[in-house]
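Single-structure report; data block below.
We name chains A, B, ... by the order of the sequence lines, and we start the count at 1 in each one.
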Amino acid sequence: MALAIGACGVSGEEGGGGSRAINWYVFDEPGGAYDKAVADCNKEANGKYQINYIRLPTDANQQRELIVRRLAAEDKDIDLIGMDVIWTAELAEAGWILPWDGERRTVATEGKLEGPLKTVEFKGKIWGLPFTSNTQLLWYRKDRVDPPPDDFTWDEMLDDAIDKGTAIEVQARQYEGLTVWINALIAGAGGQIVNKQGDVEVNDTAKRAAEIESKLGKSPAAPPGMSTNAEDQARQGFESGRSDYEVNYPFVYPSAEAVGGDFQKNMGWARYPRTDKDKPSRPPLGGINLGVSKYGETPDLAFEAAECIANDQHQGDAAELGGLPPTTESVYDTEQVKKAYPFADLLRVSIEAAAPRPVTPAYSDISLAIQKTYSPPDGVDPNGIVRRLRDRTDRAVEGKIF
Amino acid sequence: MEAATTRAPTVTPPKRKVTDRARAERKLAWLLCAPAVIAMLVVTGYPIAYAIYLSLQKYDLRFPDDKEFVGLGNYGDVLTSSTWWTDVLNTVIITVISVSLELVLGMLIVLVMHRAIFGRGPVRAAILIPYGIVTVVAAFAWKYAFDPTSGFVQGLPLISDIAQPLNTREGSFLVIILAEVWKTTPFMALLLLAGLALVPDELHEAAKVDGASTMQRFFRITIPLMRPAILVALLFRTLDAFRIFDNIYIIQPGGALNTESVSILGYNVTINRVNVGLGSAVSILIFICVILIAVFFVKALGTSTAQQRGET
């Protein structure tokens, strides 16, 4: 309600020549955390600026398509962007967002966790303010399987699941979630898809990832609909009781409360499983960074609004109301976050150890290439996959059909 | 063409007299249809020309500085990639199977509609309902029906518990084709009904007197006389089916599990990768395919009408 009234006030002012409206394009956060941040900041700004919360589609691909199309057309309507962590290089290289220089750089980086910080860095500059982070944990049924040891691997988990006649929930639909999984498996084997210089570099770790994927895909531990399951189907599968293991984001924990009975109590958590026994796992890294559009009319105000939106209090709210982990280290020690996440410490460790997805302007092309190469899970042939992936990613980077 | 004939009298001595009044009327006719012609040029001619222009450029919206003229380079890239040919094959599979099924089913429906003695109106209306449903909505209905966890198909008798059509390429094709057939058979039927109405009853009666069986009458009288209508129906549906997008986009998002059609490819390249140069080349190639299909059917239609005229 407050938001609607606020929005009316702004359009009235706009008519008078003032352009203090800051349009924030970001995904629709259902928990109300973003609504609260916007309302708080508008109150605090006391008329200096007025943030309008403009909701993007829930699908990550559609969000990106909308933002990219509008920025390419130099849309003045966008001031502030809730950027998925994987967009930074693409938007920065195209010159659509402004860097956080000088004092702003300090504001954007101070006290932030290492993982989220890596996602806003491109060519030595900082292109966004890390707001919320995200990572995946291994969820398991305490009443059915043993607590996984620290060096638990995918292979061990798979053997155990086959032994017990249960399944493992993953995200293997041909979409961004598949890239998330494969990237984590490759990074867990010590590999990467794009090196520090930003060039594609595929090696045998890509084969290792395919081995784990196809082993699960072909095994009896593959859940029904595996090749079309995304985060939510995995959550439902785990909640239905058909699986004792699940890798997924922390949103599954509050959701488990609705299942009833002892379900949530029996839900255990552990660090993301290892690819290789002797190497620590590299969990996936997600989240939202705040970027300032080059085409907005009042970028200075947009920077200011971004600082307010991403302050410690609002990060805590996002964790409590939206299940979105903070990016500022100290926020993990607040009562609010500790209460929201009994596993807050594990989350922080996972985010610190996480492997960001490739930081390159051609990210979305490379991701599509990975998705095509690794789908469907039961049809992937680890032999020759390195060559196929290299071939596709090369074509993707060169802007060719693949 | 007509413009040339209007101008003709002023250039060469008129062979037959065009009265002032006729000339004024022609001028008025041109003035009256000019807005429509201009609108058509603006909304179809310009985009097509612009797409051709873009298809000759290396042009990615994210790297506007790298824009350069590459001639037919984009076309070479598309035509030498295995992805394009796989997608053409996928599209042809979907088109051929769904249009054939639609033709057979459409014909059966038409015969029922034509011979329906009571409730003609309700029968026709009922058959047309699927065509009135938005494609995306219909696609969602089919997707949910076949969903391995929540769909009802899995629970039907005679369906194996482990069959999960949406988890395999072949199964996905099956669902996509079913959705396509279910949705557009009524359209096929509508076009065929118009053709069937043209077959005179007297011919059937005469053939009956001569002792022709029902089958003989259907294949020797109904089908040949309906041939132009059948070809027009096939033309429309083939053109439509070749550009299939919505059903695949919903049932296997992004053309997953290798169900990508040429239109999905064009979308992925143009909208997702914002590589408008390469994407335009894909679009132009689809356009050329569509023209080839149209030319084929129009040629076939031409010979069939010519034959008919010769025979009668």
What do you reckon, is NZ of B/Lys299 surrounded by more than 12 foreign heavy atoms closer than 6.0 Å?
no
The interface call for A/Leu91 against chain B, heavy-atom contacts under 4.5 Å, is neither
When you look at NZ of A/Lys125, are more than 12 heavy atoms from neighbouring residues, nucleotides or ligands closer to it than 6.0 Å?
no
Once you round to the nearest 0.5 Å, how far does CE of A/Met226 lie from CD of B/Gln164?
11.5 Å
What's the separation between atom CD in A/Glu65 and atom OH in B/Tyr267, rounded to the nearest 0.5 Å?
3.5 Å
Please identify, among B/Pro253, B/Gly277, B/Ala256, the residue contributing the most non-hydrogen atom pairs under 4.5 Å to chain A.
B/Ala256
Enclosure of B/Lys67 NZ (heavy-atom neighbours >12, cutoff 6.0 Å)
yes
Which heavy atom in B/Asn275 sits nearest to a heavy atom in A/Gly399, and how many Å separate them?
ND2-O, 3.3 Å
Looking at B/Phe236, I'd like to know if its CZ atom is crowded, meaning that more than 12 non-hydrogen atoms belonging to other residues, nucleotides or ligands lie closer than 6.0 Å.
no
Proximity breakdown for A/Arg242 and chain B, heavy-atom pairs closer than 4.5 Å:
side chain
Best-contacting candidate, A/Leu368, A/Asp365, A/Thr228, against chain B by heavy atom pairs under 4.5 angstrom:
A/Asp365
Do A/Arg69 and B/Ile271 have side chains that approach each other closer than 4.5 Å (heavy atoms only, starting at C-beta)?
yes
Partner of A/Ile401 by side chain to side chain contact (heavy atoms under 4.5 Å, CB included), out of B/Asp77, B/Thr80, B/Asp87:
B/Asp77
Starting at CG of B/Asn167, measure out to CG of A/Asp378 and round the result to the nearest 0.5 Å.
7.5 Å
Say whether B/Arg169 and A/Ser227, considering side chains only, have a donor N or O and an acceptor N or O under 3.5 Å apart.
no
Let's go through A/Lys372 and B/Glu260 carefully: what are the C-alpha distance in whole Å and the side-chain angles of both, what is the deciding distance for side-chain contact (heavy atoms from CB on, under 4.5 Å) to 0.1 Å, and is it a yes or a no?
CA-CA 11 Å; A/Lys372 272 199 171 180; B/Glu260 197 172 86; 3.3 Å; yes
Would B/Arg62 and A/Glu93 count as a salt bridge (Lys or Arg N to Asp or Glu O under 4.0 Å) here? Give the steps.
CA-CA 7 Å; B/Arg62 291 167 298 185; A/Glu93 176 77 23; over 6 Å; no
Should we say atom CZ of B/Phe69 is surrounded by more than 12 heavy atoms from elsewhere, each under 6.0 Å from it?
yes
Atom of B/Gly255, atom of A/Gln174 and distance for their closest heavy-atom approach:
O-NE2, 4.3 Å
So, the part of A/Gln62 with a heavy atom under 4.5 Å from chain B: the answer is side chain
Once rounded to the nearest 0.5 Å, what's the spacing between atom NZ of A/Lys400 and atom OG1 of B/Thr83?
12.5 Å
Contacting moiety of B/Val78, where chain A heavy atoms sit under 4.5 Å:
both
What distance separates B/Leu257 CG from A/Ser375 OG, expressed to the nearest 0.5 Å?
5.0 Å
